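A quick note: this is a predicted structure, and the numbers were derived from the prediction, not measured. Positions are given from 1 along the sequence.
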Amino acid sequence: MLSTLALAAAIQLPTQAQELAPGARYDPEIPTLEEVAGHGFREAVTPPDDVIRYMEALAAAAPERTRLIRYAESWEGRPLVVLVIGSPERMARLEEVKAGIARLADPRGLSDAEAETLLAELPVVTALMHGVHGNEISSSGAAMAEAYQLLAAIGDPDVDLILSESLVLIDPMENPDGRNRFVYQNGIARARWPDEAGVSAEHDEPWPGGRGNHYLFDLNRDLFIQSQPETRGKVDIFLEFRPHIVADLHEMGGDATYFFPPTAPPSNRWYGERQIALMDVFGEAIGARFDARGFAYFNRDVYDLFYPGYVDMWPMGHGALGMTYEQASARALTLRRSDGDLLTYGDGVLHHFTAAIETALTSARNRERILRDYLAFRREGIALGERGPAEIVLHSSHDPGMAARLAEMLAENGIEVFRASGPVTVGERTLAAEASFIVPLDQPTHRFIHNLLDAHVPMEEDFVRRQIERRANRQPDEIYDLTAWSQALLWDVEAIETPATGARGEAIAAGAGPLEAGGAEADVPALPEALVGYLIPWGTNGAAAVVEALREGIRIRAAGAEFTLDGRRFGVGTAIVRAAENDPGLPGRLAGIAARHGAEVVPIDDAYVREGMSLGSRRVRALREPRVLLVYDAPGRSLSVGWARYVLERRYGQRTTAVRASSLGRARLTDYDVIVFPSGNYGGAVGDGLLDRLRAWMRDGGTLITMAESSGWASRAGLLDTETERRGGRAEGDDPPEPDTPEQPIEYLDAISPEDESPEGVPGAILRTLLDTEHWLAAGTDGEIGVLVEGSRVFRPITLDEGTNVGRYADLENLVLSGIVWEESRPQLASKAFLIHQSVGRGQLVAFAEDPNYRAYAEATQLLFMNAVLLGLGR
């Protein structure tokens, strides 16, 4: 045993660590960040590679108390890791502990006695998540300090309690690609001395900034759709360890202080009362610690508890407590705030560290209560399903692949879903087995199922009423994110609540990346030889298969109208693959492609159509792999640019050339068949000369695609022959009407309303949209979809002599499918244009009023976007 003098000599007191945790003593065998990366926790923004090196060094120094798990790899090849920390005894039997946690998470058949044993033995699992936005820099510095504190602190009763009662998961860097972009851009702009001026280059990130990942996604909105590898891996970890407390550490504007829950209204009806009550326990504990250290903070403002796709809200759907922490950001090493105070990167690290350690400590102190609340939530989910409708049937007769993909997405979220074992009877309907999937409601994730699939999740009436009052006074509403996200509506899949159908077949297993085109190679038998060839019904999976087939040199034609063959109706867009136009290996090649994408292929030996279009009609068009140019960089909105590029390259596997907007004038337009302008105002980037070139290129057969704000730009630039509207229906650019002599007494709100305003904004709702199913742009649909509408864009329908309104919003009575649309907005939106096709010579302009690729989870409108890309050539 060491003498007191020898022990004192062995204990290091690193300056940075002392500042983080005053009075702490540390084990010299555990490396500091300075020893690994050359700087302290609060001294510099650590590059991604060094963050990983430090976590590896900690795991190597304390193997009996840690597991370092590499759970994903970013698009750019960077590792994402989570460091699991616990007592040596618990880590030695980690697999047994995880099995107990999983048993508590699924309490079907769990007796009260078994539950009490688990509650007495199991640790509370606390997940501390950091840096989901790559330019929110201080949280990763805090993560490394948190891990050091938990592994190196000696004689600290708080740390001892955390390790005895908990497993702590520390994810130091949820978005390494975005962080790398920030570090690089900040580094090349850095002055000799840290610059305090907010306008200085080191604070001013060039487009697209470091917030998003490689595809510029906001990873904090991707949790249930899991379109990105960073998110898929994170959810896998959540489902493996089932954390009971999840804190996600962010940054906000530099003039703020620090936010931690309780949250602002509204709250989501599908979260449990126990979870929300527990927020006060954590809020009070963190508040007391911040008060003791003199840190300013706020609660119950700005950040709400409504949208289920955040890193902290996804666990709420499973019964955990999720919380967002927000630190004022220096966005560099120092920032002079507007009040004259100096904010430093080190301040952010200190505040985040303090909040995170207090969170882990509060979890440990309340271990049993947290576990009991979690168990109660999971049991209540089962009970709710036993009292109401037994199942939800997912069904799509016009696109079975869409229903299958939605079923796979739910399985990826830890929800039990089953294939139909045979025809499914729902009321008086009999649904085909291959187009139907069964979601039982007597499962622990009952609430999460409703949260994702219900047509509408209501907000509290008092909150909505207050927003109406604020809007009337031209104040911004307090809605933080969307008011609607129903995946059933956005995927155009029926979600039918029903008594037990008796049709549950094989369970859908969560697989690797079901939402991305071109998965693992499938070893499948060749298709049967067909005299004429093969038909691929058009839809999401069929379109993805066609993209790959074209890329591989298979010759394909597309139907321009409906036809019936052998008693089956085939819609517009159906792909026709003739055996005579392809090599003898076609059956094997096409079988593999179809299997990879889940596409149906129908062999045909007879092309004699008795109803509808003949397969040799002039309405049948040859397809070829389109040469696509995506306009990249400013002034495009980074999110829209990233969504479009992801949908093209990853979801559908379409080769795409990204050209910066500033270089578009140097591009040889004739090298491309399709040009995509993501949302943005391109007026400053596209001058008169380039506009003339674009018109000439369209006349020669090119397809120009615009969306949301770029459609507005196209209208103002004279490319699109319709107009956007101002409030009240006046066309943009028209002079406001002469004011009438006011009557007495005046109507106050009318009197204070500006004469010229944008239409009332829609805070993220889903509108019913009607499609012209005879038009090729609507191929693969049944004529009605839900469209995610966000903002204040209103486009007048194009006149018949100028083009076709392929998609329009429904009439006033049937307009809103889900979410909040203010009463003033509805009349102006009703029957207005969503999707416009305008012929220009041998080419066309396709304009979307909204972004069809929104967050990569509006699957129905993504198909319309790909129709524009794939089916427009030669029309």
Problem set entry | Heavy-atom donor-acceptor pair, Asp248 side chain to Val311 backbone, under 3.5 Å | no
Exercise. Going through the distances and angles, do Leu441 and His450 end up as a side-chain contact (heavy atoms from CB on, under 4.5 Å)?
Worked result: CA-CA 9 Å; Leu441 290 171; His450 280 293; 4.1 Å; yes
Exercise. Hey, mind stepping through Leu361 and Arg289 against side-chain contact (heavy atoms from CB on, under 4.5 Å) and telling me if it holds?
Worked result: CA-CA 11 Å; Leu361 179 60; Arg289 185 61 61 108; 3.9 Å; yes
Problem set entry | Short side-chain to backbone donor-acceptor contact, Arg65 and Val84, under 3.5 Å | no
Problem set entry | Val457 backbone acceptor or donor facing Arg269 side chain under 3.5 Å | no
Exercise. Do you see a donor-acceptor pair shorter than 3.5 Å between the side chains of Asp218 and His133?
Worked result: yes
Seminar exercise, completed: The residue among Leu321, Thr362, Asn366, Val125 that forms side-chain contact (heavy atoms from CB on, under 4.5 Å) with Ile245 is Leu321
Exercise. Does the side chain of Gln443 come under 3.5 Å of the side chain of Thr445 through a donor N or O and an acceptor N or O?
Worked result: yes
Seminar exercise, completed: In terms of heavy-atom contacts, Gly381 and His446 come closest through O-CB, 3.2 Å
Seminar exercise, completed: Residues Leu223 and Thr231: closest non-hydrogen pair is CA-CG2, 3.6 Å
Problem set entry | Test: Arg379 and Asp442 ion pair at under 4.0 Å | no
Problem set entry | Short side-chain to backbone donor-acceptor contact, Arg337 and Ala256, under 3.5 Å | yes
For this session: May I ask you to say whether Asp280 pairs ionically with Arg300, meaning some side-chain N is under 4.0 Å from a carboxylate O?
Result: yes
Exercise. Does NZ or CZ of Lys234 lie under 6.0 Å from the centre of the six-membered ring of Tyr71, at an angle within 45° of the ring axis?
Worked result: no
Exercise. Can you tell which of Phe260, Tyr258, Phe290 makes a ring-ring contact (aromatic ring centres under 6.0 Å, His included) with Phe295?
Worked result: Phe290
Exercise. Between Phe306 and Trp485, is a ring-ring contact (aromatic ring centres under 6.0 Å, His included) present by the stated rule, with each step listed?
Worked result: CA-CA 11 Å; Phe306 193 63; Trp485 52 81; 5.2 Å; yes
Exercise. Does Glu240 pair with Lys98 as a salt bridge, N-O distance under 4.0 Å?
Worked result: yes
Exercise. Are Glu96 and Arg90 close enough for a salt bridge, meaning some N to O gap below 4.0 Å?
Worked result: no
Problem set entry | Donor + acceptor pair across side chains of Asn186, Arg190 (<3.5 Å) | yes
Problem set entry | Trp314-Phe238 aromatic ring centre distance below 6.0 Å | yes
Exercise. Does the ring of Tyr310 carry Arg221 above it, NZ/CZ under 6.0 angstrom from centre and within 45° of its axis?
Worked result: no
Problem set entry | With Tyr148, the ring-ring contact (aromatic ring centres under 6.0 Å, His included) member among Phe41, Phe353, Tyr54 | Phe41
For this session: Taking all non-hydrogen atoms of both residues into account, name the closest pair between Pro157 and Gly155 and its distance.
Result: CD-O, 3.4 Å
Exercise. Cationic tip of Arg855 within the cone over Tyr307's six-membered ring, i.e. under 6.0 Å and within 45° of the normal?
Worked result: yes
Exercise. Is the gap between the ring centers of Trp270 and Phe448 under 6.0 Å?
Worked result: no
Exercise. For Gly346, does its backbone N or O pair with a side-chain atom of Arg42 as donor and acceptor, under 3.5 Å?
Worked result: yes
Exercise. Going by atom types only, do Ser329 and Glu136 share a side-chain donor-acceptor pair under 3.5 Å?
Worked result: no
Exercise. Is any side-chain N of the basic residue among Asp49 and Arg53 closer than 4.0 Å to the acidic one's carboxylate O?
Worked result: no
Exercise. Using 4.0 Å as the upper bound for N to carboxylate O, is an ion pair formed by Glu380 and Arg274?
Worked result: yes
Exercise. Do the charged groups of Arg70 and Glu56 touch, with an N to O distance under 4.0 Å?
Worked result: no
Exercise. Are there more than 12 heavy atoms of other residues, nucleotides or ligands under 6.0 Å from atom CD of Glu64?
Worked result: yes
Exercise. Is any side-chain N of the basic residue among Arg211 and Glu205 closer than 4.0 Å to the acidic one's carboxylate O?
Worked result: no
For this session: Indicate yes or no for a side-chain donor-acceptor contact from Thr334 to the backbone of Thr344 under 3.5 Å, with no hydrogens or angles considered.
Result: no
Seminar exercise, completed: On a heavy-atom basis, the closest approach of Glu43 and Leu333 is O-CD2, 3.9 Å
Problem set entry | Modelled atom types, side-chain donor and acceptor of Asp312 and Thr324, under 3.5 Å | yes
Exercise. Do Asp373 and Arg369 pass the salt bridge (Lys or Arg N to Asp or Glu O under 4.0 Å) test, and can you show the C-alpha distance, the side-chain angles, and the key distance before you say yes or no?
Worked result: CA-CA 6 Å; Asp373 286 353; Arg369 172 183 172 176; 3.7 Å; yes
Exercise. Without hydrogens or angle criteria, can the side chains of Asn213 and Gln228 be said to hold a donor-acceptor pair below 3.5 Å?
Worked result: yes
For this session: Please step through salt bridge (Lys or Arg N to Asp or Glu O under 4.0 Å) for the pair Arg372 and Glu116, ending with a clear verdict.
Result: CA-CA 9 Å; Arg372 287 189 182 278; Glu116 289 301 322; 2.7 Å; yes
Problem set entry | Donor-acceptor under 3.5 Å (Ser166 side chain, Val168 main chain) | no
Exercise. With a 6.0 Å cut-off on ring centres, are Phe259 and Tyr325 close enough?
Worked result: no
Seminar exercise, completed: Between Pro48 and Pro176, the two heavy atoms sitting closest are CG-O, 3.7 Å
Problem set entry | Between His318 and Tyr374, ring centroids under 6.0 Å | no
Problem set entry | Shortest non-hydrogen contact from Pro107 toward Leu104 | CD-O, 3.7 Å
Exercise. Under 6.0 Å from the CZ atom of Phe298, do we count more than 12 heavy atoms belonging to anything else shown?
Worked result: yes
Exercise. Without hydrogens or angle criteria, can the side chains of Gln327 and His352 be said to hold a donor-acceptor pair below 3.5 Å?
Worked result: no
